[in-house]
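Computed from heavy atoms alone, side chains included, the values below leave out hydrogens, waters and symmetry copies. This structure is a prediction, so every number in the text was calculated from the model and none was measured.
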Amino acid sequence: MAVLLHRLGHSAYQYRKTVLGIWLFVLAALITCVGVFSGKLDDRFEVPGAESQRALDSLSKTLPEISGASAQIVFTAPRGHRITEAAYAPTIARTVAEAKKDPQVSAVVDPRASGAVSADRTTAFVQVQYPVQRTEVRESSVHAIEDTAEAAQEHGLKTSVGGTVYGSKGVHVGPSEIIGVAVAILVLVVTFGSLLAAGMAMLLALIGVGVAVAGLLALTPLIDISSTAVTLALMLGLAVGIDYVLFILSRHRQQLARGLDPRESVALATGTAGSAVVFAGTTVIIALAALSVIGIPFLTTMGLGAAGAVLIAVLAAITLVPAIAGFAGSRLTPKPGSRAVRRAAHAKGGSTRHLTMGTRWTKWVIARPLLTVLAVAGALVMLALPVSDMRLALPDSGSAPRSSTERQAYDAISDKFGPGFNGPLLVLAETKDGSAAASARAGKQAAQKLRTLKNVEAVLPPQPTSDPSQSVITVLPATSPSSARTSQLVADIREAAPDIRGATGASTAVTGVTAVSIDVSNRLSESLLPFVTIVVGLSLVLLMIVFRSLLIPVKAAVGFLLSVGASLGMVVAVFQWGRLADLLGVPNSSPVVSFLPIILIGVLFGLAMDYEVFLVSGMREEWVHTRRAHQSVVDGARHSARVVTAAALIMFTVFAGFFPLDDALIKPIAFALAVGVAIDAFVIRMTLVPAVLALAGSSAWWLPAWLDRVLPDLDVEGAGLQQTTAADRAEPRLST
């Protein structure tokens with residue numbers, strides 16, 4: 001692989017105008033396609049094959065006005081007044097009449113007809129139904145309902161609008177993201193000591209992420225793509241794009257400082273550091289693409305979209321870096337006497353009087369390796385303890401910011417009517433007898449049975465559909481949509497289905513937004529352990545091939561599990577338990593987003609392999625040359641600690657830049673990824689790894705001879721280049 005990438009680097013350098021032209025043409029073409037053909041993002045959460053999804057699909061045909069999205073206009077009377085006072089009746093009636101005229105609205109239920117008036121007579125709500133799912137409700141339609149509700153406030157009533165029409169706000173680039181990119185540029189300037197090199201790295205990363213995001217948006221007319229998928233692709237593509245360019249460009253500048261010709265230097269950097277970029281990127285792509293085997297469409301597009309962004313980042317790094325380096329030529333060479341030149345001299349075997357911070361840290365860590373291992377492992381296990389209490393659910397309006405209208409409506413309904421009113425369950429009852437009378441009779445009997453179940457607040461009368469054999473029963477839980485007791489109620493209704501069928505002759509199926517969300521969370525919970533097993537198994541095999549060792553893959557897998565556990569533990573503590581929630585701006589304590597653990601595992605796995613390869617490769621190379629186990633750890637860290645630290649800081653700032661978003665899906669994902677990267681890079685790779693290798697000594701690099709013969713040689717370190725170029729006789733290191 002290294003030889004092939006070396007040749008690619010030569011070609012990209014030679015035909016740099018063509019390479020840059022192709023990338024810019026592709027970017028312009030994709031942006032044009034987005035502007036001309038782009039479709040609408042689809043944020044539906046579907047679970048193919050699940051009972052709730054089958055029933056919802058059936059109701060979308062026979063009773064779309066109840067199976068579609070809904071909104072509630074909540075009226076609250078001023079202090080000391082009641083909503084039932086005659087003075088407020090005209091305002092409510094006028095609001096109902098205006099809501100019926102709003103776009104896409106199929107039905108509006110007056111609270112006087114539905115009885116949606118609180119027991120203390122201070123609050124009432126109007127139910128607004130749409131014949132389509134939330135993703136098909138236009139934003140202008142939601143604004144129209146909000147305007148209708150706001151008009152009622154002129155007459156003394158306080159109003160708010162909530163319901164299932166609200167969801168993730170999707171892609172958003174604001175001040176916090178720009179600040180994150182600005183910090184990344186600052187890290188690049190400090191790392192390179194050059195504005196030109198830092199600007200090149202950021203420009204190339206932006207070209208790559210631009211192609212990735214524009215390509216994803218261009219597919220929206222053909223494929224259902226969620227706004228969260230686009231945001232994750234943007235977040236991950238930008239982070240890895242900067243990192244991958246950083247790895248290759250750092251290597252190139254180090255070699256220029258040693259006096260290597262620019263063309264040969266960039267080709268060599270592409271062959272060595274580029275090999276590690278391809279390997280690391282491939283592991284991320286495999287882990288993210290593996291999300292498609294879970295069988296949930298929105299998670300599939302999320303995983304494949306993010307994997308595509310990483311693929312584009314890899315391609316940009318191994319083609320655009322040598323091409324742009326060709327335009328820069330020798331101007332990327334560090335100035336004589338600069339820190340970059342001194343580091344290059346040290347890496348080549350010069351004076352080591354001036355120890356780098358990375359070297360000093362490594363020496364301190366391995367001075368008492370057993371104490372370091374115990375302290376790090378103990379601290380991470382403590383951080384991971386909250387995971388035992390982790391609950392998974394999809395966010396609802398209860399997770400929205402307190403200042404938002406949907407959150408105010410959610411809280412008002414929960415306080416005055418009960419939390420279950422925010423997440424009603426729909427029970428579809430079907431009889432074999434096609435008559436409407438038989439169906440109505442069976443529906444009434446089924447409703448009576450459902451009233452006897454635990455945690456049921458109320459059961460509304462059955463409602464017929466256009467299919468005479470069907471009726472729909474609305475069940476109001478006593479607990480909120482995200483409560484574990486509501487999930488148990490769904491399970492209890494399904495468990496009671498055989499008894500209900502025996503007593504009434506009707507088969508039942510639980511559906512509705514709440515039931516679908518519960519089924520999504522259950523499917524993801526069931527898939528979590530198999531997915532972790534696949535990812536850990538993959539890491540063991542890949543690292544065994546790369547490092548020709550048994551201990552290093554096991555150590556890397558254990559470290560990966562510790563970083564994932566600690567990251568998830570902090571997510572549970574902040575988002576579910578509410579620890580430091582006010583300080584961090586988390587609006588409400590709620591269960592963890594159901595697909596966050598799998599996304600975190602997939603992304604963090606690739607990044608962990610990334611840092612593992614760049615850090616440990618330098619140590620292995622020193623071991624191969626010197627056979628001094630302890631000193632190899634110190635010298636290997638000296639070559640790679642700086643670039644790994646810079647890469648992790650960039651990753652952290654990019655992910656953290658998305659945390660301030662008021663989006664219940666993006667905020668916890670950004671937090672988890674930022675925390676996960678920081679823990680994995682600085683605690684696991686930069687601290688635990690050197691300590692374990694120092695403890696193990698020469699045993700860390702042992703591999704049975706028979707296994708060494710069986711395993712393929714990926715040549716990630718670029719040893720094969722020694723046979724093709726004289727420049728490689730200078731014993732180049734993979735990491736910088």
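Shown here for G565 and V387, the closest heavy-atom pair between the two residues is O-CG2, 3.5 Å. Between L693 and A700, the shortest heavy-atom distance links the atoms CD2-CB, 3.7 Å. Counting all heavy atoms, side chain and backbone alike, Y611 lies closest to R685 at CB-CG, 3.8 Å. The shortest heavy-atom contact between T270 and P322 is OG1-CG, 4.0 Å. Heavy atoms only, all atoms of each residue included: A656 and A674 are closest at N-CB, 4.0 Å. Closest heavy-atom contact between A205 and G241: CB-C, 3.7 Å.
The backbone N or O of S482 sits less than 3.5 Å from a side-chain atom of R391, completing a donor-acceptor pair. No side-chain donor-acceptor contact under 3.5 Å links E526 to the backbone of S521. Judged purely by atom type and a 3.5 angstrom limit, T653 has no side-chain atom pairing as donor or acceptor with the backbone of V183. One N or O on the side chain of T511 and one on the backbone of S52 form a donor-acceptor pair closer than 3.5 Å. Between the side chain of R548 and the main chain of L711, a donor-acceptor pair closer than 3.5 Å is present. Of the possible polar contacts, none joining the S250 side chain to the F247 backbone as a donor-acceptor pair under 3.5 Å is found. With hydrogens and angles disregarded, no donor-acceptor distance shorter than 3.5 Å links the side chain of T514 to the backbone of P481. Proximity of a side-chain donor or acceptor of W23 to a complementary backbone N or O of L320 within less than 3.5 Å is not detected.
Side-chain contact between F560 and V564: present, with at least one pair of heavy atoms (C-beta onward) separated by less than 4.5 Å. At a threshold of 4.5 Å between non-hydrogen side-chain atoms, the residues V593 and P395 count as touching. Considering only heavy atoms from C-beta on, V321 stays 4.5 Å or farther from M200 through its side chain. Proximity of L543 to V616: side-chain heavy atoms (C-beta onward) are nowhere separated by under 4.5 Å. At a threshold of 4.5 Å between non-hydrogen side-chain atoms, the residues F682 and L649 count as touching. Looking at heavy atoms from C-beta onward, L234 lies in side-chain contact with F658 at the 4.5 angstrom threshold. Counting heavy atoms from C-beta outward, P597 and M390 have side chains that approach closer than 4.5 Å. Between F595 and I669, the closest side-chain pair of non-hydrogen atoms falls below 4.5 Å.
If you take NZ on K555 and CG on L688, they are separated by 8.0 Å, rounding to the nearest 0.5 Å. The structure places CG of L673 at 9.5 Å from CE of M651, a figure rounded to the nearest 0.5 Å. How far OG of S567 is from CG of L604: 5.5 Å, rounded to the nearest 0.5 Å. One distance of note links CG of L562 with CG of D680; it measures 10.0 Å at 0.5 Å rounding. Here I534 contributes atom CD1 and I601 contributes atom CD1; the two are 11.0 Å apart, rounded to the nearest 0.5 Å. Annotation: the span from L600 atom CG to L596 atom CG amounts to 6.0 Å, rounded to 0.5 Å.
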Test L394 against S594 for side-chain contact (heavy atoms from CB on, under 4.5 Å), laying out the working first. CA-CA 6 Å; L394 291 175; S594 53; 3.1 Å; yes

Before you tell me yes or no, could you show the steps for F575 and F671 under ring-ring contact (aromatic ring centres under 6.0 Å, His included), namely the whole-Å CA-CA distance, both residues' side-chain angles and the distance that decides it to 0.1 Å? CA-CA 10 Å; F575 288 88; F671 177 85; 5.5 Å; yes

Dump the intermediate steps for side-chain contact (heavy atoms from CB on, under 4.5 Å) on I552 and M544, then the final yes or no. CA-CA 7 Å; I552 288 177; M544 193 180 301; over 6 Å; no

Checking T164 against D396 for the side-chain contact (heavy atoms from CB on, under 4.5 Å) test, could you report, in this order, the C-alpha distance in whole Å, the side-chain angles of both residues, the deciding distance, and whether it holds? CA-CA 8 Å; T164 61; D396 52 28; over 6 Å; no

Worked verdict on Q53 versus D519 for side-chain contact (heavy atoms from CB on, under 4.5 Å): CA-CA 9 Å; Q53 191 64 54; D519 284 344; over 6 Å; no

Got a list of side-chain donor-acceptor pairs under 3.5 Å for residues 282-304, not counting sequence neighbours?
{"residue": "T282", "atom": "OG1", "partner": "V278", "partner atom": "O", "Å": "2.6"}
{"residue": "T283", "atom": "OG1", "partner": "A280", "partner atom": "O", "Å": "2.5"}
{"residue": "S292", "atom": "OG", "partner": "A289", "partner atom": "O", "Å": "2.7"}
{"residue": "T300", "atom": "OG1", "partner": "I296", "partner atom": "O", "Å": "3.2"}
{"residue": "T301", "atom": "OG1", "partner": "P297", "partner atom": "O", "Å": "3.4"}
{"residue": "T301", "atom": "OG1", "partner": "F298", "partner atom": "O", "Å": "3.0"}

